[in-house]
Amino acid sequence: MQLPERVRIVEVSPRDGLQNEVVQVSTEAKITYIDLLSRAGLPVVEITSCVPAKWVPQLADHAEVIQSISRLPHVIYPVLVPNSRGFEDALAAGASAVSVIASASEGFSKKNSNCTIAEGLERCGEIIDRALTKGLAVRGYLSCTLGCPYDGEISVEKVRQVAAQLYQLGCPEIVLSDTIGVGTPGKVQAMIEAVAETIPIEKLAVHFHDTYGQALANILSALELGVAIVDSSVAGLGGCPYARGASGNVATEDLLYMLNGLNIATGVDLGKLLDAGNYICQQLGRVSRSKVALAMSEC
Ligand SMILES: CC(C)(COP(=O)([O-])OP(=O)([O-])OC[C@H]1O[C@@H](n2cnc3c(N)ncnc32)[C@H](O)[C@@H]1OP(=O)([O-])[O-])[C@@H](O)C(=O)NCCC(=O)NCCSC(=O)C[C@@](C)(O)CC(=O)[O-]
């Protein structure tokens, strides 16, 4: 089994996690949490999104979060931006990296972004151009690559085609997302092999929700194909408010435990990560969904 020597973990809990929590975390606590995450050695921490408060009220304080975190020089802090207005807001607040959103499914595109797949790609193209011109780092999510809560099965050919379009728009990193966590390892491999026909494997990241408990197995199957960028969420927080039934991403603690066991370097400190997880779970008043965090708290 040929696996990458190093994996870049992209921590998404401050955005993907908190966007779906019922409890509203204070701005101050978000800032403390993000600082704990970056001090744990995570190379990329997605911190918030510049979307209208009526769409995602939990992240209405995005400007203050962007302005107030303590930035470490080697850490990238993307902000999710759904359109040009969001991009302008992120830029004005001082963001130096953004994530754009596209979908492989028409149903999800409509519910999540109120536009067609084609219109969504057009929005991505405008933002990518402007962001790259200004020297910002960019990544582009492609949702519903393994199934859609509205349209059901999405063909591998459709995923390959939309991913290629996003790449042709200049997107430097394509994040293949299992929005509702329905994928299984064989399907993951078939999808990634198809996408990798037109996009170099080092440009691909995976973002797997764990609704059916398949996320770690799916990640391992992506690693076997050479994918070396993996999204995850401390404590398994989150989900998408516009994807019915989606649970949180794979827990970062569980991902790190697996990568450590495989001797794959990440630069992330498990102890500090567990501290960050305890902090945010206390703020949310809930128990972690990370099996590793639960097991280690009982030691
Ligand atoms: C794209 C829109 C904004 C279209 O939303 P819309 O309502 O169609 O937008 P609009 O252009 O018609 O404008 C309507 C109103 O919103 C305002 N507006 C317009 N844009 C903005 C903005 N950026 N910030 C603040 N205000 C804005 C605009 O000014 C106007 O104000 P009003 O007239 O009502 O007073 C909306 O559909 C949206 O925000 N969608 C994103 C929802 C979201 O955040 N979903 C979760 C993130 S995606 C996800 O979690 C999946 C992912 C990434 O993790 C990967 C995976 O797992 O699949």
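Note that ligands are numbered from 1 as they come in the structure, with each ligand's atoms numbered from 1 the same way. Each residue takes its place number in the sequence, starting with 1. Since the structure is predicted, the reported quantities are computational estimates derived from the model, not experimental observations.
Among L176, L142, V51, N112, the residue whose heavy atom lies closest to atom 42 (C) of ligand 1 is N112. Closest heavy-atom approach to atom 31 (O) of ligand 1 within the set H62, K54, H209, E119: this belongs to K54. For atom 25 (C) of ligand 1, the candidate residues are K111, R85, K110, E46; the nearest heavy-atom contact is made by R85. Across the listed options C50, S143, G140, S143 owns the non-hydrogen atom lying nearest to atom 55 (C) of ligand 1.
By the definition of a contact as any protein heavy atom under 4.0 Å away, atom 10 (P) of ligand 1 is not in contact. Distance screen at 4.0 Å: atom 29 (O) of ligand 1 has a protein heavy-atom neighbour inside the cut-off. Under the 4.0 angstrom criterion, atom 15 (C) of ligand 1 counts as having a protein heavy-atom contact. Remark: atom 58 (O) of ligand 1 lies closer than 4.0 Å to at least one protein heavy atom. Within the 4.0 Å cut-off (strictly below), no protein heavy atom is located near atom 35 (O) of ligand 1.
Formation of a donor-acceptor pair under 3.5 Å by the S177 side chain with backbone atoms of V175 is found in this model. Formation of a donor-acceptor pair under 3.5 Å by the S13 side chain with backbone atoms of S233 is not found in this model.
Every atom of ligand 1 with a heavy atom of G86 under 4.0 Å away is listed here by number and element: 23 (N). Here is the list of ligand 1 atoms found below 4.0 Å of a heavy atom in S177: 55 (C), 56 (C), 57 (O), 58 (O). Below 4.0 Å from some heavy atom of N114 lie the following atoms of ligand 1, by number and element: 6 (P), 8 (O). When each atom of ligand 1 is checked for a heavy atom of V56 under 4.0 Å away, the hits are 43 (C), 44 (O). Against a heavy-atom cut-off of under 4.0 Å, S113 is close to the following atoms of ligand 1: 1 (C), 4 (C), 37 (O). Listed by number with element, the atoms of ligand 1 under 4.0 Å from a non-hydrogen atom of Y141 are 53 (C), 55 (C).
Annotation: E157, atom CD; neighbour count of heavy atoms from other residues, nucleotides and ligands within 6.0 Å is above 12. Within 6.0 Å of CD in E153 there are 12 or fewer heavy atoms belonging to other residues, nucleotides or ligands. Remark: E193 CD is packed, more than 12 non-hydrogen atoms of other residues, nucleotides or ligands lying under 6.0 Å away. Heavy-atom contacts from other residues, nucleotides or ligands closer than 6.0 Å to CD of E202 number more than 12.
Nearest protein heavy-atom neighbour of atom 50 (O) of ligand 1: Q19 NE2, 2.9 Å. The nearest protein atom to atom 19 (C) of ligand 1, hydrogens excluded, is given as N83 ND2, 3.7 Å; this is a heavy-atom distance. Among all protein heavy atoms, the one lying closest to atom 7 (O) of ligand 1 is W55 NE1, 3.4 Å. Distance from atom 39 (O) of ligand 1 to its nearest protein heavy atom, with residue and atom name: P52 CD, 3.2 Å.
In this model, no donor atom of one side chain and acceptor atom of the other lie less than 3.5 Å apart for D210 and S247. Counted by atom type alone, S143 and S103 present zero donor-acceptor pairs between their side chains at under 3.5 Å.
With a 4.0 Å heavy-atom cut-off, ligand 1 is reached by the side chain of R15 but not by its N, CA, C or O. Of all the heavy atoms of R123, the ones lying under 4.0 Å from any atom of ligand 1 belong exclusively to the side chain. If you look at D16 next to ligand 1, the close heavy atoms, those under 4.0 Å, all belong to the side chain.
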Worked verdict on E106 versus K158 for salt bridge (Lys or Arg N to Asp or Glu O under 4.0 Å): CA-CA 11 Å; E106 288 292 356; K158 184 70 184 173; 5.2 Å; no

Test salt bridge (Lys or Arg N to Asp or Glu O under 4.0 Å) applied to D231 and R139, step by step: CA-CA 12 Å; D231 290 16; R139 62 199 317 255; 2.8 Å; yes

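Between P82 and ligand 1, no N or O atom pair is found at a separation short of 3.5 Å.
Taking both residues in full, the closest heavy atoms of Y33 and E11 are given as OH-OE2, 4.2 Å, listed atom of the first, atom of the second, then distance. Nearest approach of S49 to H62, heavy atoms of both residues: O-CD2, 3.2 Å.
Ligand 1 lies nowhere less than 4.0 angstrom from a heavy atom belonging to S49.
With Y141 as the aromatic partner, R15 meets the cation-pi criteria of under 6.0 angstrom to the ring centre and within 45 degrees of the ring axis. Judged by the 6.0 Å distance and 45° axis criteria, K111 is positioned over the aromatic ring of Y150.
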